[in-house]
Peer 1: 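Take a look at this one; I'll ask things after.
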Amino acid sequence: MRDKLVLIDGHSILNRAFYGVPDFTNSEGTHTNAIFGFLNILFKIIDEENPKYLCVAFDVHQPTFRHEMYKEYKGTRKPMLPELKQQVPLMKEMLKALNIKTTELAGFEADDILGTLSKAGEEQGLEVSVISGDRDLLQLATEHVKIRIPKTKKGKTEIEDYNVTQVLEKYSVTPKEFIDVKALMGDSSDNIPGVPGIGEKGATTIISEYGSIENAFEHADDIKNKRNREALKEHFDMAQMSKTLATINTSVPVEVKISDCVLEDMFNKEALAMVKKFEFKSMISKFDSISTENTFEENFKIMEDFGEVENLLSEIQKLKKVGLFIDLNNDEIRGISITISDDETYYIPVSGFITGEYLKEKLNYIVSNAVEVSVNDIKSNLRFVETETENKLFDAGIAAYLLNPLKSTYEYDDIARDYLEFEVPAYDEIFANYKKDKSVLENIDNISKYASYNSYVLYKSIEPLKEKLENEGMIDLYEKIEVPLTYALYDMEKTGIKVEADSLKEYGDKLAESIKTLEEEIYKEAGHEFKINSPKQLGEILFNEMGLPGGKKTKTGYSTSADVLEKLKPDYPFVEKILSYRQVTKLKSTYADGLAGFIEEDGRIHGKFNQTITATGRISSTDPNLQNIPVRTALGREVRKVFVPKEGCVFVDADYSQIELRILAHMSDDENLINAYKEAKDIHQSTASLVFNVPLDEVTKEQRSNAKAVNFGIVYGISSFGLSQDLSISRKEADKYIKDYFVSYPGVKKYLDDAVESAKEKGYSVTLFGRRRPIPELKSGNFMQKSFGERVAMNAPIQGTAADIMKIAMINVDKALKEQNLKSKIVLQVHDELLVEAYKDEVEQVKQILVDNMKNAADLRVALEVEVEVGNNWNEAH
DNA sequence: GTTTTCACG
DNA sequence: ACGTACGTGAAAACC
């Protein structure tokens with residue numbers, strides 16, 4: 001067997017990866033998609049070929065020899081986008097870390113280096129693979145050199161291979177002849193002019209017959225196609241020049257020797273550190289073999305002896321701070337890990353005399369005897385803690401979230417990397433291969449290692465996180481808002497909300513009937529059965545089989561979204577049935593069936609309210625999502641009727657009225673907007689009056705509704721395109737609305753401009769309470785991304801401030817309910833709405849508490865208004 | 001696992 | 001020329 005040499009065309013593959021992989025950044029805002037794609041291709045190739053040698057060639061960005069001769073043809077290539085450009089040096093660093101040889105040569109293109117090395121490799125008796133996205137290189141294919149062209153589609157990389165036979169099959173010419181084909185047809189991306197008038201087809205025909213441009217020119221008179229014949233005769237000089245340009249130089253003075261390119265020790269510490277920095281989570285498992293060596297581990301102990309544990313914990317009263325991790329298995333305590341000093345970390349598993357109950361007891365002992373206990377998520381730990389925790393628990397997850405709300409997780413490994421400047425193995429590394437081999441999840445060494453790293457990092461992170469919060473002006477936000485809130489949320493989750501399972505079932509049955517009827521009607525009109533909820537099949541039927549007007553919209557085919565169908569509805573009653581079908585199936589699957597699965601034995605749903613998810617500071621709701629229960633249609637609202645207060649209670653529902661617009665009025669200090677609120681005007685009507693320049697009492701319904709859309713648009717970070725879409729008007733008209741709006745509210749205009757400018761300067765936007773949202777998109781060279789960043793800069797302070805205010809209100813409502821010894825409890829929060837399950841004799845007090853605390857949560861230049869209602873189900877109360 | 005759609009604020 | 005309104009989560013279809 002011949003040894004293998006793999007040669008990679010660096011820029012070409014990076015470029016392919018950049019355009020083939022959707023744009024993304026790590027949490028620092030560095031674009032990493034091209035690097036990710038490159039590595040995927042690299043690892044795939046290495047997996048397949050297991051080469052002995054590997055080398056990556058890059059272009060130097062200087063005029064190359066071949067192009068130097070014909071400078072006038074340079075310059076049509078587009079400049080590299082900054083998102084890609086910034087990845088080039090990082091890619092080279094990454095390769096260096098992987099111990100992969102890279103090479104570049106001033107004055108020559110990567111092609112030439114690859115050509116030279118592939119020839120040399122073949123001569124040394126190696127089997128050579130050249131990896132490039134560029135078909136130019138096909139000319140290099142020989143018996144022992146194959147060209148491999150990776151294609152990234154839909155996240156998967158597939159590689160097309162070309163040896164001599166395959167080139168011949170696909171292009172009907174030999175690799176050498178391929179140069180001549182190119183000389184005739186040209187290549188605009190490579191600045192090869194070719195012969196005007198001869199395209200791919202003509203070039204292939206000529207060369208497959210005559211073998212070369214020279215021979216073809218000699219026999220030019222025999223060429224049958226008149227246009228091609230004349231073109232070749234007239235422009236033979238162009239063809240010759242193009243051939244020079246297209247020919248890869250296979251004898252350039254490369255500095256590297258193939259023997260320098262031995263592939264070894266790729267998966268080392270440095271490379272792992274970079275992969276982690278880039279946050280390529282899926283690649284970390286490739287480094288399994290090295291992840292075992294670690295410096296802290298020696299300080300981690302497993303403590304199974306009852307006496308030892310007792311002894312250890314008896315010292316606890318001296319402790320200032322503790323890092324604590326509760327290890328759960330099926331919701332039961334399986335062990336705990338505590339870190340009590342830099343080199344004392346203990347994992348205590350449940351075994352023998354050490355029972356779950358015992359550990360829970362000790363846990364409470366620790367909390368009451370330590371000055372400060374650092375945990376990752378207070379809310380999820382609270383069910384094991386019965387002792388008073390006031391000001392004792394530090395929540396590293398929440399702190400890390402405030403410092404960067406854009407991350408998807410705030411695990412110990414993220415925290416170590418971001419705030420402690422060291423790397424620790426992540427879950428996937430410790431439990432390597434658990435997807436294939438479940439036993440690794442049971443392995444005590446893995447379990448203790450995981451638990452220990454958790455408590456160790458939690459222990460170490462208190463000061464760095466607090467210091468950072470302090471420096472960034474968010475310590476109050478953390479202490480006064482987020483931490484108290486997490487207790488309020490814990491209570492809400494524990495309380496849950498009662499849902500009538502029987503009524504929900506009936507509702508589901510009713511929907512099922514309706515679905516059946518609609519289905520039959522739809523199949524009848526379509527002429528056959530199909531998956532109505534498949535956009536692909538539906539698009540095919542609507543726009544091809546039935547010939548409805550409307551073109552493509554999505555990457556994959558026709559758009560069949562509601563706003564497209566809505567426009568077709570008046571002319572085609574059929575699509576109305578589709579829309580109904582969509583609505584009814586949605587209600588059934590997501591709500592009727594979906595919610596039923598979450599009703600617990602107490603007849604209540606205990607959903608989760610997540611505090612570290614959103615970019616703006618809102619809370620989110622999952623398992624199930626209780627913040628998107630239908631309200632806009634009558635049939636949807638039926639769902640709300642099954643949400644009921646328990647026996648002896650009613651619901652009291654309190655709603656902020658237009659909180660975001662009021663915040664805008666406050667933050668912009670716009671005179672007209674503030675006055676409108678002060679005079680208690682209908683804000684949309686008032687806006688319409690100003691924007692359309694009509695007296696207040698002459699504002700039409702349509703004008704009001706348009707003004708309402710503009711008001712929404714302002715809060716979202718207005719764009720004429722967005723507004724035009726929403727109102728189904730032209731962009732020009734939308735533009736005029738916006739202009740007129742800004743004339744009416746010049747303060748708002750100034751505020752929004754300032755918000756964008758300030759965010760550009762600082763890199764983040766800020767709410768009234770100091771909450772930050774980083775906006776890396778503002779630095780993008782991509783128009784679309786940058787525009788997105790600008791809209792975010794306008795929206796985030798407003799949406800975020802509203803979230804802050806609601807959080808303050810919740811804390812105070814919760815506190816007031818307790819202080820007044822009421823049994824009534826908050827059960828839901830839906831961004832600007834609070835739902836309280838109120839005992840009947842507490843209703844008046846509850847109403848008062850809600851209104852007072854919500855109104856007084858912030859002192860703005862315009863008053864916050866709260867609407868409060870009472871009902872026997874959520875629908876009635878809202 | 002990704003894409004599309006749609007429910008809410 | 002580009003191609004979107006801001007913030008979420010869940011289900012079905014498809015690959």
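Quick note on labels: first sequence line is chain A, next is B, and so on, each numbered from 1. Computed over heavy atoms, backbone and side chain alike; hydrogens, waters and symmetry mates excluded.
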Peer 1: Is A:Lys536 close enough to C:dC15 that one of its side-chain N or O atoms is under 4.0 Å from OP1 or OP2 there?
Peer 2: yes
Peer 1: Would one find a side-chain N or O of A:Arg632 under 4.0 angstrom from OP1 or OP2 of B:dG9?
Peer 2: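 Yes, within the criterion.
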Peer 1: Looking at C:dG7, I'd like to know if its phosphate oxygens (OP1 or OP2) sit under 4.0 Å from a side-chain N or O belonging to A:Gln627.
Peer 2: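 For A:Gln627, the contact criterion (side-chain N or O under 4.0 Å from OP1 or OP2 of C:dG7) is not met.
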Peer 1: Base, sugar-phosphate alone, or nothing: which one does A:Ser621 contact when heavy atoms must sit under 4.0 Å apart?
Peer 2: sugar-phosphate
Peer 1: Check whether the side chains of A:Gln583 and A:Ser580 place a donor and an acceptor atom closer than 3.5 Å, and report yes or no.
Peer 2: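 Absent: no donor and acceptor within the cut-off.
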Peer 1: Let's see if you can work this out: which of B:dC6, C:dG3, C:dA11 has an atom nearest to the side-chain heavy atoms of A:Thr590?
Peer 2: C:dA11
Peer 1: When you measure from the side-chain N and O atoms of A:Ser620 to the phosphate of C:dG9, is any distance below 4.0 Å, counting only OP1 and OP2?
Peer 2: yes
Peer 1: If we only count heavy atoms from C-beta on, is the A:Thr590 to A:Leu595 side-chain gap below 4.5 Å?
Peer 2: no
Peer 1: Looking at A:Asn625 and C:dA10, is any side-chain donor or acceptor paired with a base atom of the opposite kind under 3.5 Å?
Peer 2: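 Answer is no: no donor-acceptor pair is held.
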Peer 1: Classify the side chain of A:Lys586 and the base of B:dC6 as holding, or not holding, a donor-acceptor pair under 3.5 Å.
Peer 2: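 Result: at least one qualifying N/O pair found.
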Peer 1: If the cut-off is 4.0 Å, is A:Arg773 near the phosphate of C:dG7, judged by side-chain N/O to OP1 or OP2?
Peer 2: yes
Peer 1: Of the candidate nucleotides B:dT5, C:dA5, B:dC8, which contains the atom at the shortest distance from the side chain of A:Thr560?
Peer 2: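 Of all the options, the side chain of A:Thr560 is nearest to B:dT5.
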Peer 1: Would you tell me if any nitrogen or oxygen in the side chain of A:Arg791 comes within less than 4.0 Å of OP1 or OP2 on C:dA5?
Peer 2: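 No, outside the criterion.
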Peer 1: With a 3.5 Å limit on both atom pairs, tell me what C:dG9 is paired to, counting Watson-Crick and G-U wobble, or say none.
Peer 2: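 Base partner found: B:dC6.
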Peer 1: For a quick check under 3.5 Å, do A:Gln799 and A:Glu660 share a side-chain donor-acceptor pair by atom type?
Peer 2: no
Peer 1: Are A:Lys379 and A:Glu493 close enough, and set up right, to give a salt bridge (charged side-chain N to carboxylate O under 4.0 Å, His left out), and what steps lead you there?
Peer 2: CA-CA 9 Å; A:Lys379 185 154 64 70; A:Glu493 291 183 5; 2.5 Å; yes
Peer 1: For the side chain of A:Asn628 and the base of B:dA7, is some donor closer than 3.5 Å to an acceptor across the two?
Peer 2: yes
Peer 1: Taking 4.0 Å as the cut-off, does a side-chain nitrogen or oxygen of A:Arg582 come that near to OP1 or OP2 on B:dC6?
Peer 2: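 Yes, A:Arg582 has a side-chain N/O under 4.0 Å of OP1/OP2 on B:dC6.
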Peer 1: Students often get this wrong, so: under 4.0 angstrom with heavy atoms, is A:Asn782 touching a base, only sugar-phosphate, or nothing?
Peer 2: nothing
